[in-house]
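Since the structure comes first, as structure tokens, the remarks are kept for the end.
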Amino acid sequence: VHLLDADADDGVPAIVTDLIHQGDHWRLLARPQLAAAATRADAAQWLVKLSPSALPQGLARGQQIRLGFRPDEAWAF
């Protein structure tokens with residue numbers, strides 16, 4: 001998962017719920033804003049591991065972002 005430009009047409013809209021510095025990387029927790037889950041407080045959160053250089057400056061809890069996937073990042077469970 002990676003962050004897209006906020007005005008990107010593709011990707012999944014999400015709200016940042018937490019940012020955790022882990023020393024060599026950041027963990028970003030985000031709640032996808034999909035139609036089925038947009039109003040549910042118990043909707044699943046997605047965990048995104050980011051290198052320090054990939055974290056946009058000024059990113060904060062409550063901010064709307066877009067999450068995207070590259071084909072080589074896809075995993076099926």
Side-chain angles (χ1 to χ4, degrees):
V1 175
H2 60 276
L3 299 179
L4 300 172
D5 292 332
D7 58 353
D9 290 333
D10 57 350
V12 176
I15 300 291
V16 175
T17 58
D18 205 358
L19 291 164
I20 305 160
H21 187 249
Q22 298 287 301
D24 64 339
H25 68 277
W26 284 88
R27 287 194 182 191
L28 179 147
L29 291 170
R31 187 174 314 281
Q33 298 298 290
L34 304 172
T39 59
R40 290 182 34 212
D42 65 341
Q45 294 188 72
W46 291 5
L47 173 71
V48 182
K49 181 178 175 181
L50 297 169
S51 67
S53 62
L55 186 73
Q57 190 172 16
L59 191 63
R61 290 184 187 116
Q63 187 172 343
Q64 184 150 3
I65 58 172
R66 294 192 79 77
L67 301 172
F69 303 88
R70 294 182 192 105
D72 59 318
E73 296 172 334
W75 288 32
F77 290 77

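Computed from a prediction, not measured in an experiment: that's the story for all the values here.
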**Prompt:** Excluding sequence neighbours, so at least two apart, what forms side chain to side chain contact (heavy atoms under 4.5 Å, CB included) with Ala14?
**Reply:** Ala30, Ile65, Leu67
**Prompt:** Got a second to check how far Arg31's CZ is from Gln64's CD, nearest 0.5 Å?
**Reply:** 13.5 Å
**Asked** Ile15, Leu50: one ILVMFWY side-chain cluster at the under-4.5 Å cut-off?
**Response** no
**Request:** For Gln45, check side chain to side chain donor-acceptor pair (under 3.5 Å) against everything at least two apart and list the hits.
**Result:** Thr17
**Message:** Could you check whether any side-chain N or O of Gln57 sits under 3.5 Å from a backbone N or O of Leu55, counting only pairs where one atom can act as donor and the other as acceptor?
**Reply:** no
**Item:** Chi angles and distances behind the side chain to side chain contact (heavy atoms under 4.5 Å, CB included) call for Val48, Trp26
**Value:** CA-CA 8 Å; Val48 182; Trp26 284 88; over 6 Å; no
**Closest contact, heavy atoms only, Leu59 versus Leu19** = O-CD1, 3.4 Å
**Prompt:** Of all heavy-atom pairs between Pro52 and His25, which one has the smallest distance, and what is that distance?
**Reply:** CD-CA, 4.2 Å
**Complete:** Taken in chain and number order and not counting sequence neighbours, the residues that satisfy side chain to side chain contact (heavy atoms under 4.5 Å, CB included) with Ser51 are Ser53, Ala54
**Set of residues satisfying salt bridge (Lys or Arg N to Asp or Glu O under 4.0 Å) with respect to Arg61, sequence neighbours excluded** = Asp18
**Asked** How far does NE2 of His21 sit from CZ of Arg27, to the nearest 0.5 angstrom?
**Response** 12.0 Å
